[in-house]
Amino acid sequence: MNESIIILENVSKTYPVPDDKDGLKVLRGISLSIEKSQTVAVTGPSGSGKTTLLNMMSGLDVPTEGRISVAGQELSGMRADDLALFRNRNLGFVFQAHYLLPQCTVMENVLLPSIVEQREGGDLVQARARKLLERVGLERKMNSFPGKLSGGECQRAAVVRALINQPKIIMADEPTGSLDNSTAKVLAKLLIELNEELGTTLIVVTHSEHVAEMMEVKFRLADGKLDSKA
Ligand SMILES: Nc1ncnc2c1ncn2[C@@H]1O[C@H](COP(=O)(O)OP(=O)(O)OP(=O)(O)O)[C@@H](O)[C@H]1O
Ligand SMILES: [Mg+2]
């Protein structure tokens with residue numbers, strides 16, 4: 001039987017705007033259920049609220065109205081530190097901006113979420129990091145600092161960082177945005193392979209039709225509403 005891993009019930013988000021009492025209504029009553037191990041693409045015009053939607057699902061921001069449950073946990077009302085731990089344990093997040101720490105090498109950046117967690121021995125995690133970095137073509141950049149990497153290389157390192165704890169769910173915001181076509185394909189393929197190998201649920205925001213086509217379920221966000229695409 002299918003099992004929902006992310007449930008949104010009537011979720012709305014309105015950002016306050018100075019001198020406008022209505023504010024900016026970005027999400028308007030979105031209800032959605034994502035099954036465990038599903039791969040999902042979210043497309044939509046710039047400014048339509050795709051990042052806002054991911055931020056809601058990951059508990060990085062709170063909805064104005066509605067309820068969200070992730071991996072059996074209702075997000076609203078969770079304490080900030082519990083939420084941070086929950087996120088680190090269950091979610092891998094690839095941000096639109098990569099947020100690598102400039103003072104740490106690629107390898108150190110990638111290992112950061114595993115240090116917080118300390119579930120596994122360091123050798124095991126390092127071996128996994130090495131393998132993943134090889135899969136995205138960064139084997140020769142492991143000891144480089146982000147300042148010496150291209151935008152696309154930073155993005156690939158950020159994807160590996162999101163995968164290092166083998167999260168149940170990966171949320172990726174434009175993970176292939178700054179990559180050329182063939183590298184984008186390699187990265188999207190890696191995400192799909194993780195889905196196949198480990199049953200990782202995958203939610204990918206993308207402007208790329210090609211990447212969207214690789215996902216089982218496709219949604220389009222426009223005018224605050226989410227429509228499923230055939
Ligand atoms: N913290 C905030 N405060 C006020 N307005 C915001 C905030 N974050 C986003 N917005 C506004 O909400 C709308 C949706 O933004 P969002 O970043 O979710 O769009 P997006 O679909 O991810 O766009 P893009 O494809 O360009 O990344 C935009 O008009 C944006 O200016
Ligand atoms: Mg965005």
Side-chain angles (χ1 to χ4, degrees), residues 5-6 36-40 54 57-60 70-71 73 83-179 182-206 211 214-215:
I5 192 160
I6 298 179
K36 201 165 169 289
S37 301
Q38 234 172 10
T39 59
V40 178
L54 279 195
M57 288 183 186
S58 60
L60 286 171
V70 177
Q73 173 77 50
L83 193 56
L85 198 62
F86 175 79
R87 243 194 329 261
N88 196 58
R89 190 158 292 169
N90 293 289
L91 303 183
F93 207 103
V94 183
F95 295 92
Q96 207 165 1
H98 56 73
Y99 297 122
L100 295 178
L101 299 179
Q103 69 274 36
C104 297
T105 65
V106 164
M107 182 54 105
E108 288 163 351
N109 266 289
V110 160
L111 291 175
L112 266 180
S114 75
I115 294 165
V116 178
E117 199 57 45
Q118 290 191 328
R119 257 186 315 185
E120 299 167 299
D123 289 351
L124 201 68
V125 186
Q126 277 217 21
R128 188 158 67 233
R130 203 173 288 275
K131 215 179 265 170
L132 287 167
L133 287 166
E134 279 168 14
R135 275 169 88 168
V136 300
L138 286 180
E139 61 275 14
R140 299 168 71 144
K141 305 278 179 173
M142 286 182 203
N143 300 314
S144 301
F145 291 91
K148 303 232 159 131
L149 264 51
S150 73
E153 286 170 340
C154 287
Q155 187 75 333
R156 283 183 265 161
V159 169
V160 172
R161 181 183 54 188
L163 306 178
I164 197 67
N165 280 344
Q166 299 189 318
K168 290 195 189 100
I169 307 168
I170 292 171
M171 299 186 187
D173 199 351
E174 288 283 357
T176 59
S178 48
L179 303 174
S182 68
T183 316
K185 253 185 232 169
V186 169
L187 208 63
K189 219 171 127 253
L190 171 65
L191 293 174
I192 298 282
E193 279 166 11
L194 285 165
N195 162 262
E196 286 165 356
E197 287 164 24
L198 302 170
T200 313
T201 308
L202 193 58
I203 302 155
V204 180
V205 164
T206 183
V211 172
M214 294 169 80
M215 306 299 151

Test item: Leu138 and Val160 side chains (from C-beta on) under 4.5 Å apart, heavy atoms: no
Counting only N and O atoms by type, is there a donor-acceptor contact under 3.5 Å from the side chain of Gln155 to the main-chain atoms of Glu174? yes
I want to check something: taking the side chain as every heavy atom from C-beta on, are Arg89 and Asn165 in contact at a cut-off of under 4.5 Å? no
Taking all atoms of both residues into account, what is the closest heavy-atom pair of Pro167 and Asn90, and its distance? CB-O, 3.4 Å
For Ser37 and Gly199, indicate whether the former's side chain and the latter's backbone hold a donor-acceptor pair under 3.5 Å. yes
With rounding to the nearest 0.5 angstrom, report the NZ to CD1 distance, Lys185 to Ile192. 13.5 Å
Between the NZ atom in Lys168 and the CG atom in Leu198, the distance rounded to the nearest 0.5 Å is 13.0 Å
Close side-chain approach of Leu194 to Leu202, heavy-atom, < 4.5 Å: no
Less than 4.5 Å apart, side chain to side chain, heavy atoms only: is that true for Ile5 and Gln38? no
To the nearest 0.5 Å, tell me how far Met214 CE sits from Leu191 CG. 8.5 Å
Go through the steps to decide whether Met142 and Val110 satisfy the test side chain to side chain contact (heavy atoms under 4.5 Å, CB included), and finish with yes or no. CA-CA 9 Å; Met142 286 182 203; Val110 160; over 6 Å; no
If I take atom CG from residue Leu190 and atom CG from residue Leu132, how far apart are they, to the nearest 0.5 angstrom? 6.5 Å
Can you check whether Ile164's main-chain N or O pairs, donor with acceptor, with Arg128's side chain at less than 3.5 Å? yes
Can you tell me if Arg87 uses its side chain to pair, donor with acceptor, with the backbone of Gly59 under 3.5 Å? yes
Could you tell me whether Glu197 and Arg135 make a salt bridge, using a distance below 4.0 angstrom between a side-chain N and a carboxylate O? yes
Value for CE (Met57) from CZ (Phe93), rounded to nearest 0.5 Å, stands at 9.5 Å
N/O donor-acceptor pair under 3.5 Å between Asn109 side chain and Cys104 backbone: yes
Please round to the nearest 0.5 Å and tell me the distance separating atom CZ of Phe95 and atom CZ of Arg161. 7.5 Å
Which atom of Val106 lies closest to which atom of Ala157, heavy atoms considered: CG1-CB, 4.2 Å
So, do Ile203 and Ile6 sit near enough that their side-chain heavy atoms are less than 4.5 Å apart? yes
Just wondering, do Val136 and Leu187 contact through their side chains at under 4.5 Å, heavy atoms? yes
List the steps, then state whether side chain to side chain contact (heavy atoms under 4.5 Å, CB included) holds for Thr105 with Lys141. CA-CA 9 Å; Thr105 65; Lys141 305 278 179 173; over 6 Å; no
So do the side chains of Met107 and Arg130 get within less than 4.5 Å of each other, counting heavy atoms only? yes
After noting the C-alpha distance and the side-chain angles of Ile170 and Asn195, does the key distance pass the side chain to side chain contact (heavy atoms under 4.5 Å, CB included) rule? CA-CA 9 Å; Ile170 292 171; Asn195 162 262; over 6 Å; no
Test Leu163 against Thr200 for side chain to side chain contact (heavy atoms under 4.5 Å, CB included), laying out the working first. CA-CA 10 Å; Leu163 306 178; Thr200 313; over 6 Å; no
Hey, are the side chains of Thr201 and Val40 touching, using non-hydrogen atoms and a 4.5 Å cut-off? no
